[in-house]
2 protein chains.
Amino acid sequence: MKPSVVTIEPNGHFCSECAVRGAAVCSSLNAVELREFEHLGRRVHFNAGETVFSEEEITTSFYNVLEGVMRLYKLLPDGRRQIVGFALPGDFLGMNLSGRHNFSADAIGVVTVCQFAKAPFGRFIEDRPQLLKRINELAIRELSQARDHMVLLGRRSADEKVATFLLGWRERLVTLKGLSDTVPLPMSRQDIADYLGLTIETVSRTFTKLERHGVIEIIHGGISLLDPARAEAMAAA
Amino acid sequence: MKPSVVTIEPNGHFCSECAVRGAAVCSSLNAVELREFEHLGRRVHFNAGETVFSEEEITTSFYNVLEGVMRLYKLLPDGRRQIVGFALPGDFLGMNLSGRHNFSADAIGVVTVCQFAKAPFGRFIEDRPQLLKRINELAIRELSQARDHMVLLGRRSADEKVATFLLGWRERLVTLKGLSDTVPLPMSRQDIADYLGLTIETVSRTFTKLERHGVIEIIHGGISLLDPARAEAMAAA
DNA sequence: TGACGTTTTTGATCTCGATCAAAGACGCCG
DNA sequence: CGGCGTCTTTGATCGAGATCAAAAACGTCA
């Protein structure tokens with residue numbers, strides 16, 4: 001939303017001790033390659049609400065999310081918004097044809113990314129097919145998620161959408177931080193609504209309904225999943 | 001829908017004279033590679049309604065569509081269906097992680113595909129990074145289309161959905177067969193509904209409405225686009 | 001602490017698209 | 001040509017979720 005007033009760290013970081021070392025694109029590189037790779041990326045910080053890149057911008061960089069959460073979205077000319085995904089640490093952004101991102105990305109809360117200039121990154125990939133293969137894997141996984149989300153948007157009820165979202169979000173955090181029934185929700189109700197193809201009121205009402213039925217408890221900055229089994233049942237239809 | 005009673009042509013086809021030579025994955029191969037590639041694929045025919053592969057099946061093949069139209073879809077346990085796309089000649093199917101297709105594919109009308117066994121195809125790619133790069137390009141293009149479709153499913157009205165679909169479908173046929181205001185629609189109204197996240201009745205009513213307003217004419221097996229500008233305006237909102 | 005802007009929740013009402021129902025239109029085969 | 005199954009269109013009604021409106025909760029900063 002605000003103009004990007006970013007902080008670029010001069011340097012002094014090492015891929016080998018990077019938090020997302022195992023999960024990200026770089027997992028396909030060996031120790032020697034990693035040393036070289038190190039010089040390509042810069043750590044960049046964004047504050048809450050800042051835009052990392054936007055839809056019609058020419059792509060000049062790729063991004064690897066290191067910490068924080070981002071919302072990825074597209075806008076219609078009249079302002080309607082569809083959030084196409086949330087990015088978490090380890091996610092890789094910026095792949096595109098046509099030289100333009102085809103979605104925008106905002107920081108939700110504080111975000112750190114590892115930014116790569118397009119050209120040198122492209123050259124680095126050139127003779128490292130296993131890195132390309134890794135990127136391909138990530139693209140295919142995203143494609144699969146995108147198709148799942150189409151089913152949700154096109155064919156599921158509001159209750160199913162919300163239950164599916166909560167379980168899916170929890171699942172992502174599980175692989176990131178380990179299992180917990182406390183599910184932080186850093187994004188706003190409006191973000192959730194725009195992700196699920198609903199209005200903010202419907203999301204809010206559905207949360208309250210889930211709480212009344214003892215499925216969740218609404219806590220500060222998130223929810224607590226009291227009855228995962230019932231949530232699962234609601235999500236499956 | 002029916003069990004796959006397919007016809008496999010013994011052989012006698014050449015990539016170099018293939019109809020989709022320019023558009024498909026194989027566009028990244030030179031003449032020498034193409035000769036080798038030829039031995040990997042088999043032409044396989046499917047009749048209307050036959051299933052080429054389905055969702056939970058282990059992937060054993062990749063497919064290159066040569067002629068005809070396919071519907072790609074996912075089913076919910078209770079039978080609700082979301083069509084995630086239509087495949088046309090030149091489209092490449094079968095990329096996946098986890099070893100399973102994550103959607104099903106039926107022939108709409110008669111279909112011919114070029115089928116590749118997974119293992120030899122994988123080996124062939126191994127030392128041809130430009131083929132991998134081409135596959136990556138296709139995946140990224142699909143991802144972009146998937147995100148556009150999410151916007152449609154989550155944030156557009158029935159009128160907008162139908163208008164957007166007609167224009168988008170026409171656009172795809174343009175790149176395949178050249179420009180024409182006559183737009184064949186080989187898929188059923190139910191297919192269109194399941195693609196747009198609507199019911200068959202709403203699709204039918206919207207078609208009639210567009211016809212009443214002089215935007216289209218409903219003809220046998222398709223529509224005729226009488227007023228592209230107005231259709232465009234409806235699609236953009 | 002309290003005033004103010006923002007976000008979330010709750011309530012009342014409306015509407016678009018779904019559902020239910022039936023009539024046409026079309027294709028296929030005897 | 002006529003009978004039958006399937007697909008499409010049209011009509012009548014319903015309801016999930018949107019919209020409009022206001023209250024409540026929360027965060028921030030003087």
Side-chain angles (χ1 to χ4, degrees), chain A residues 1-2 47-49 71 76 78-82 106 108-110 152-165 184-213 216-223 234 237, chain B residues 1-2 47-49 71 76 78-82 106 108-110 152-165 184-213 216-223 234 237:
Chain A
M1 296 291 168
K2 302 176 199 166
N47 289 316
R71 59 173 162 257
L76 289 175
D78 64 358
R80 280 174 289 176
R81 184 178 68 160
Q82 177 65 46
D106 289 348
I108 295 178
V110 170
L152 177 139
L153 290 170
R155 287 295 179 227
R156 306 193 88 117
S157 70
D159 288 2
E160 291 169 355
K161 284 176 174 181
V162 171
T164 305
F165 166 68
L185 297 172
M187 69 290 284
S188 70
R189 294 287 189 269
Q190 186 62 64
D191 289 340
I192 297 175
D194 287 346
Y195 182 58
L196 299 178
L198 297 171
T199 59
I200 186 175
E201 293 95 330
T202 301
V203 170
S204 180
R205 274 186 250 272
T206 308
F207 270 64
T208 336
K209 184 167 148 193
L210 287 174
E211 187 170 46
R212 259 203 325 271
H213 290 47
I216 64 171
E217 187 188 359
I218 300 169
I219 58 177
H220 178 87
I223 58 119
M234 288 190 58
Chain B
M1 298 289 167
K2 301 176 199 164
N47 289 316
R71 59 172 163 258
L76 289 176
D78 64 359
R80 280 175 290 177
R81 184 177 70 159
Q82 177 65 46
D106 290 348
I108 295 178
V110 169
L152 178 138
L153 290 170
R155 287 295 178 228
R156 306 193 89 119
S157 70
D159 287 2
E160 291 169 356
K161 284 177 173 180
V162 172
T164 305
F165 165 69
L185 297 173
M187 69 291 284
S188 70
R189 294 288 188 268
Q190 186 62 64
D191 288 340
I192 297 174
D194 287 347
Y195 182 58
L196 300 178
L198 298 171
T199 59
I200 186 174
E201 293 95 329
T202 300
V203 170
S204 180
R205 273 185 250 273
T206 309
F207 270 63
T208 331
K209 185 167 149 193
L210 287 174
E211 188 170 45
R212 260 204 323 272
H213 290 48
I216 65 170
E217 188 188 358
I218 300 170
I219 58 178
H220 178 88
I223 60 118
M234 288 191 58

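Below, chain A is the first sequence line, B the second, and so on; all start at residue 1. Note: hydrogens, waters and symmetry copies are ignored here, and every other heavy atom, side chains too, is used.
Here A:Thr199 lies in heavy-atom contact (under 4.0 Å) with a base. Using a 4.0 Å heavy-atom distance criterion, B:Gly197 is classed as a sugar-phosphate-only contact. If you check every strand for non-hydrogen atoms under 4.0 Å, B:Ser204 touches a base. Backbone-only contact: B:Thr208 has heavy atoms under 4.0 Å from sugar-phosphate atoms and none from a base.
In this structure, CZ of A:Arg189 is placed 14 Å from C1' of D:dA24, rounded to the nearest angstrom. What separates CZ of B:Arg81 from C1' of C:dA18 is a distance of 17 Å, to the nearest Å. For the pair A:Met234 CE and D:dA16 P, the interatomic distance rounds to 13 Å; values are reported in whole Å. Remark: C1' of C:dT8 and CD1 of A:Ile223 are 16 Å apart, rounded to the nearest angstrom. Rounded to an integer number of Å, the gap from NZ of B:Lys161 to P of C:dG17 is 8 Å. In this structure, the CD1 atom of A:Ile218 is 9 Å from the C1' atom of C:dT9, given to the nearest Å. Atom-to-atom, CG of A:Asp191 to C1' of C:dT8 comes out at 13 Å; the value is rounded to the nearest Å. Summarising the geometry, the separation between CZ on A:Phe207 and P on D:dA25 is reported as 19 Å, rounded to the nearest angstrom.
Residue A:Asp194 forms a salt bridge (charged side-chain N to carboxylate O under 4.0 Å, His left out) with just one option from A:Arg80, A:Arg71, A:Arg81, and that option is A:Arg81.
Checked against D:dG17, D:dT9, C:dT9, the side chain of B:Ile200 finds its nearest nucleotide in D:dT9. For B:Leu198, counting side-chain heavy atoms from C-beta on, the closest listed nucleotide (C:dA18, C:dT9, D:dT8) is C:dA18. Nearest nucleotide to the A:Glu201 side chain, out of C:dG17, C:dG11, C:dC20: C:dG11. Distances were taken from every side-chain heavy atom of A:Ser157 (C-beta onward) to each of C:dG17, D:dG11, D:dG17; the shortest belongs to D:dG17.
In terms of position along DNA chain D, the nucleotide closest to B:Val203 lies nearer the 5' end than the nucleotide closest to the other residue of the pair A:Ala158 and B:Val203. Along DNA chain C, the nucleotide nearest A:Arg155 and the nucleotide nearest A:Met187 are compared for position; the residue whose nucleotide lies closer to the 5' end is A:Met187.
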Please report the C-alpha distance between B:Asp159 and B:Lys209 in whole Å, then the side-chain angles of each, then the deciding distance to 0.1 Å, and finally whether the salt bridge (charged side-chain N to carboxylate O under 4.0 Å, His left out) criterion is met. CA-CA 9 Å; B:Asp159 287 2; B:Lys209 185 167 149 193; 2.6 Å; yes
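Atoms CG and CD, from B:Leu196 and B:Gln82 in turn, are 8.5 Å apart once rounded to the nearest 0.5 Å. Interatomic distance, B:Ile192 CD1 to B:Ser204 OG, rounded to the nearest 0.5 Å: 10.0 Å.
Considering every non-hydrogen atom in both A:Met234 and A:Glu160, the closest pair reads O-CG, 3.3 Å.
A donor-acceptor contact under 3.5 angstrom links the side-chain atoms of A:Arg205 to the base of D:dT19.
Checking the phosphate oxygens (OP1, OP2) of C:dT8, no side-chain nitrogen or oxygen of A:His220 falls inside 4.0 Å.
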